[in-house]
Amino acid sequence: MLNPAAYIQKSGLTIWFSVPSVGLIMKKLGALKPGSFPKLRWSLFCGEALPEAIASAWADAAHNSEVENLYGPTEVTIACTAYRLQREIRMDYASATQFQ
């Protein structure tokens with residue numbers, strides 16, 4: 001699991017569930033290139049804050065995936081609320097950050 005991007009690609013995963021910091025590390029390593037994970041259909045993040053930049057980079061890398069930010073107290077290890085990143089927001093964010 002030292003290289004989650006390679007694992008996602010090699011194993012043909014269709015569902016991803018992790019803490020957002022995994023996405024942050026992958027972004028820092030340059031592993032969230034647009035279209036990198038075309039087989040992912042569902043991407044769930046829980047356990048800590050999901051920064052908008054990571055959510056959008058992940059959405060670009062897993063362009064066929066629904067991206068959801070879940071929340072639940074760590075004591076219960078379940079998610080009790082969810083927010084699905086809307087495709088329109090992804091596109092707006094990508095356009096706004098394109099020239100930064």
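Source: prediction; values computed, not measured.
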Please table the atom pairs, donor to acceptor, closer than 3.5 Å between any side-chain atom in residues 6-17 and protein atoms at least two apart or in another chain.
{"unit_1": "Gln9", "atom_1": "NE2", "unit_2": "Ser36", "atom_2": "O", "d": "3.1"}
{"unit_1": "Ser11", "atom_1": "OG", "unit_2": "Tyr7", "atom_2": "O", "d": "2.6"}
{"unit_1": "Trp16", "atom_1": "NE1", "unit_2": "Ser18", "atom_2": "OG", "d": "2.8"}

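- For the residue pair His63 and Gly35, the shortest heavy atom distance occurs at ND1-CA, 3.4 Å.
- Checking side-chain atoms of Glu48 against main-chain N and O of Ser21 turns up a donor-acceptor pair under 3.5 Å.
- Between Val22 and Pro4, the shortest heavy-atom distance links the atoms CG1-CG, 4.0 Å.
- Across all their heavy atoms, Pro20 and Leu50 have their closest contact at CB-CD1, 3.7 Å.
- With values rounded to the nearest 0.5 angstrom, Lys33 atom NZ is found 13.5 Å from Asp60 atom CG.
- For the pair Gly47 and Val19, the tightest heavy-atom approach, listed with the atom from each and the gap, is CA-CG1, 4.5 Å.
- Membership of the apolar cluster around Leu29 extends to Ile25, as traced through chained side-chain contacts below 4.5 Å between ILVMFWY residues.
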Give the table of side-chain donor-acceptor pairs shorter than 3.5 Å for residues 37-44, with sequence neighbours excluded, one pair per line with atom names and distance.
{"unit_1": "Arg41", "atom_1": "NH1", "unit_2": "Pro38", "atom_2": "O", "d": "2.8"}
{"unit_1": "Ser43", "atom_1": "OG", "unit_2": "Trp58", "atom_2": "NE1", "d": "2.8"}
{"unit_1": "Ser43", "atom_1": "OG", "unit_2": "Ser65", "atom_2": "OG", "d": "2.7"}

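- Considering all non-hydrogen atoms of both residues, Ala57 and Leu32 come closest at CB-CD1, 4.0 Å.
- Between Arg84 and Val67 the shortest side-chain heavy-atom distance does not fall below 4.5 Å.
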